[in-house]
Amino acid sequence: MAKVVLWGSLKKAAGGKTELDLDVSDVRELLAELGERYPKLGPQLDAGVSVSIDGTMVRDNLFVAIEPGSEVY
């Protein structure tokens, strides 16, 4: 499981949730899971969001692996 931290407008669209533990294998799966759990996130996810995995920014690559225990912002 990865620790996923939501902040700003993402937190608001997720009903105030700030931290989630998700079993996802890559960025694509992460975004799909967030959109499924929190449909109000859909427009923001579709427009594009920044993703950081263990302190490294991920840009334009939905297939970057997310390892168990990773921190994702």
Side-chain angles (χ1 to χ4, degrees):
M1 295 254 179
K3 176 183 166 187
V4 179
V5 179
L6 302 176
W7 54 279
S9 60
L10 295 178
K11 177 178 120 177
K12 183 178 178 182
K17 284 282 194 186
T18 57
E19 290 188 13
L20 307 162
D21 290 319
L22 298 179
D23 188 19
V24 294
S25 62
D26 58 29
V27 174
R28 178 192 54 79
E29 211 172 276
L30 166 71
L31 298 177
E33 181 70 22
L34 288 172
E36 187 174 306
R37 286 186 184 211
Y38 305 102
K40 289 182 180 179
L41 282 175
Q44 290 175 291
L45 298 175
D46 291 342
V49 293
S50 298
V51 176
S52 170
I53 303 171
D54 295 326
T56 300
M57 291 300 295
V58 174
R59 300 188 197 287
D60 302 322
N61 187 348
L62 296 177
F63 298 100
V64 172
I66 298 174
E67 301 296 328
S70 289
E71 284 190 342
V72 181
Y73 286 81

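Residue numbers count from 1 along this sequence.
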Legend entry - Single-linkage hydrophobic cluster, 4.5 Å side-chain cutoff, L20 and Y73 together: no
Inset, instruction - Report whether L62 and V51 are members of the same hydrophobic cluster (ILVMFWY, side-chain heavy atoms less than 4.5 Å apart, transitive linking). - result: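 Yes.
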Atom pair [atom1]/[atom2] of [X] and [Y] - distance to nearest 0.5 Å:
X: L34; Y: L10; atom1: CG; atom2: CG; value: 8.0 Å
X: S52; Y: E71; atom1: OG; atom2: CD; value: 9.0 Å
X: R28; Y: I66; atom1: CZ; atom2: CD1; value: 10.5 Å
X: L31; Y: L45; atom1: CG; atom2: CG; value: 5.5 Å

If every non-hydrogen atom of [X] is compared with every non-hydrogen atom of [Y], which pair is closest and at what distance?
X: A13; Y: L41; result: CB-CD2, 3.5 Å
X: I53; Y: A65; result: CD1-O, 3.9 Å
X: P43; Y: K40; result: CD-O, 3.5 Å
X: K11; Y: T18; result: CD-CG2, 3.2 Å

Legend entry - Side-chain heavy atoms of V4 within contact of E19, under 4.5 Å: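 In short, these two side chains do not touch, never coming nearer than 4.5 Å.
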Inset, instruction - State, with a plain yes or no, whether a side-chain heavy atom of V72 is found less than 4.5 Å away from one of L22. - result: no
Legend entry - Backbone N/O of V64 and side chain of D26: donor-acceptor pair under 3.5 Å: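 Not confirmed, D26 side chain does not pair with V64 backbone.
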Legend entry - Set of residues satisfying salt bridge (charged side-chain N to carboxylate O under 4.0 Å, His left out) with respect to E33, sequence neighbours excluded: R37
